[in-house]
Amino acid sequence: MRPVAAWHVLLAAMAGAAQCLAAPLFDDASTLEVTLEGPLSRVIEDSGDRREQALSLSLNGKSIAVEVRMRGKSRTVHCGFPPLRLNFSPDSVKGTVFAGQDKLKLVTHCRGNADGEQNVLEEYAAYRILNSLTELSFRTRLLRVRYVDTETPAAPSLTRFAFLVESDEEFAARVGGETLKRRNVSRTMLDPGHAALVYIFQYLIGNTDWSLVRAFDDEHCCHNGKLFSVGESNYYVPYDFDMSGLVNARY
């Protein structure tokens, strides 16, 4: 069995591991087959201004208008295909699985080879592992995306795995909390049980690319994680696992 296919089988087996309490998009762990069509070349080449471009996202015979732009930091430097941000309008998503969504991160393949696609599935697996350990983690939805670039109509379409990550706002609403913005965080500020679980999880997947200290170009803590307050407790919720040993991305 090819490595990519093996990961897909494993992830399908994990589909029922966590009880989902999020909006409809994240209620189902099945893979969504979608087509993203529009001026993709313009999006990918706009690494400076990162202006939104009008594209369409199609699934189940319905086309949804969406504004798309490049996002990310290190991946935009090392990757031929950068991660994207999707910006939906409330009216366009009514009656679809994207109902209630606003802005979502789309984690894409970095490069067009088999390793690039396997890395997507490995990082998706990291999120799912954490989901199985605690509901205080970002939920995801696996996609099989057919990319159609209208800027190069003669070029064949490209189909790759990708996944969407639950937004900060949706996470906060789901767990009954709110985003916490701090420049500095000490371990004593965090819920000890959840913090210990996150530390062990990061060790489990071999990830050192995270910190309770803000990155040099960020205003608030933390590196590759968000802070949330829920009730009387504070939580560090991690994301971005591409630099972990589990993923072992070549870049």
Side-chain angles (χ1 to χ4, degrees), residues 1-9 11-12 25 30-89 91-93 96-98 101-125 127 140-165 167 240-243 247-251:
M1 181 178 291
R2 293 176 57 199
V4 169
W7 271 108
H8 199 200
V9 170
L11 294 169
L25 178 62
S30 64
T31 304
L32 278 178
E33 301 275 349
V34 304
T35 296
L36 187 62
E37 183 173 3
L40 284 166
S41 294
R42 204 179 307 166
V43 173
I44 293 171
E45 293 167 3
D46 189 15
S47 59
D49 294 331
R50 301 191 178 192
R51 291 161 293 196
E52 291 185 333
Q53 303 292 337
L55 281 81
S56 67
L57 184 71
S58 303
L59 75 160
N60 300 327
K62 181 176 177 60
S63 180
I64 302 170
V66 60
E67 299 289 322
V68 180
R69 69 165 176 82
M70 180 191 295
R71 66 171 187 85
K73 296 178 182 177
S74 62
R75 298 193 211 202
T76 62
V77 176
H78 300 291
C79 297
F81 198 104
L84 304 173
R85 192 191 74 173
L86 310 183
N87 185 2
F88 298 99
S89 68
D91 291 338
S92 69
V93 294
T96 76
V97 71
F98 292 96
Q101 299 298 332
D102 183 13
K103 298 178 179 65
L104 289 173
K105 295 177 180 178
L106 180 66
V107 180
T108 60
H109 63 285
C110 174
R111 297 171 182 173
N113 56 20
D115 285 342
E117 187 163 48
Q118 183 171 339
N119 290 158
V120 170
L121 294 174
E122 289 163 340
E123 186 174 6
Y124 173 72
Y127 280 93
T140 53
R141 184 68 183 270
L142 188 63
L143 307 181
R144 187 69 172 162
V145 186
R146 176 173 169 260
Y147 298 97
V148 179
D149 185 7
T150 54
E151 297 288 285
T152 56
S157 62
L158 178 70
T159 302
R160 291 290 185 272
F161 282 110
F163 63 88
L164 294 164
V165 182
S167 68
D240 274 8
F241 308 118
D242 61 311
M243 300 301 289
V247 179
N248 195 26
R250 294 295 180 88
Y251 55 84

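Residue numbers start at 1 and run along the sequence shown.
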Return the [atom1] to [atom2] distance between [X] and [Y], rounded to the nearest 0.5 Å.
| X | Y | atom1 | atom2 | answer |
| --- | --- | --- | --- | --- |
| His109 | Arg160 | NE2 | CZ | 5.5 Å |
| Met243 | Glu123 | CE | CD | 11.0 Å |
| Leu84 | Ile44 | CG | CD1 | 7.0 Å |
| Leu40 | Asp149 | CG | CG | 5.0 Å |
| Asp49 | Met70 | CG | CE | 11.0 Å |
| Ser58 | Glu37 | OG | CD | 6.5 Å |

Point to revise | Check against side chain to side chain contact (heavy atoms under 4.5 Å, CB included), Tyr147 and Thr159 | key: CA-CA 6 Å; Tyr147 298 97; Thr159 302; over 6 Å; no
Side-chain contact, heavy-atom cut-off 4.5 Å: [X] with [Y]?
| X | Y | answer |
| --- | --- | --- |
| Leu142 | Leu121 | yes |
| Phe88 | Leu57 | yes |
| Val145 | Thr35 | no |
| Arg141 | Ser30 | yes |
| Glu122 | Phe241 | no |
| Leu55 | Val43 | yes |
| Leu164 | Leu143 | yes |
| Ile64 | Leu59 | yes |

Has [X] got a side-chain atom pairing as donor or acceptor with [Y]'s backbone, closer than 3.5 angstrom?
| X | Y | value |
| --- | --- | --- |
| Asn119 | Val247 | yes |
| Arg71 | Pro83 | no |
| Thr152 | Ala154 | no |
| Arg85 | Lys105 | no |
| Thr108 | Pro82 | yes |

Point to revise | From CA spacing to verdict: side chain to side chain contact (heavy atoms under 4.5 Å, CB included), Asp240, Tyr127 | key: CA-CA 9 Å; Asp240 274 8; Tyr127 280 93; 4.2 Å; yes
Exercise for review: Verify whether one side chain among Asp115 and Gln118 offers a donor that lies under 3.5 Å from an acceptor in the other.
Suggested key: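 No, no side-chain donor-acceptor pair sits under 3.5 Å.
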Review point. Can you check side chain to side chain contact (heavy atoms under 4.5 Å, CB included) on Gln101 and Val93, steps first, answer last?
Key: CA-CA 8 Å; Gln101 299 298 332; Val93 294; 5.5 Å; no
Practice item. Would you please indicate if the ring centroids of Tyr124 and Phe161 are separated by under 6.0 Å? Key: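 Between Tyr124 and Phe161, the centre distance exceeds or equals 6.0 Å.
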Quick one: closest heavy-atom pair of [X] and [Y], and the distance?
| X | Y | result |
| --- | --- | --- |
| Arg69 | Arg50 | CD-O, 3.1 Å |
| Val148 | Ser157 | CG2-CB, 4.0 Å |
| Pro39 | Ala54 | CD-O, 3.4 Å |

Review point. Hey, mind stepping through Glu33 and Arg146 against salt bridge (Lys or Arg N to Asp or Glu O under 4.0 Å) and telling me if it holds?
Key: CA-CA 8 Å; Glu33 301 275 349; Arg146 176 173 169 260; over 6 Å; no
Check your understanding: So, are Arg51 and Glu67 salt-bridged, with charged N and O less than 4.0 Å apart?
Key -> no
Practice item. Evaluate the side chain to side chain contact (heavy atoms under 4.5 Å, CB included) criterion for residues Leu25 and Leu104: first the C-alpha distance (whole Å), next the side-chain angles of each, then the deciding distance (0.1 Å), finally the verdict. Key: CA-CA 11 Å; Leu25 178 62; Leu104 289 173; 3.7 Å; yes
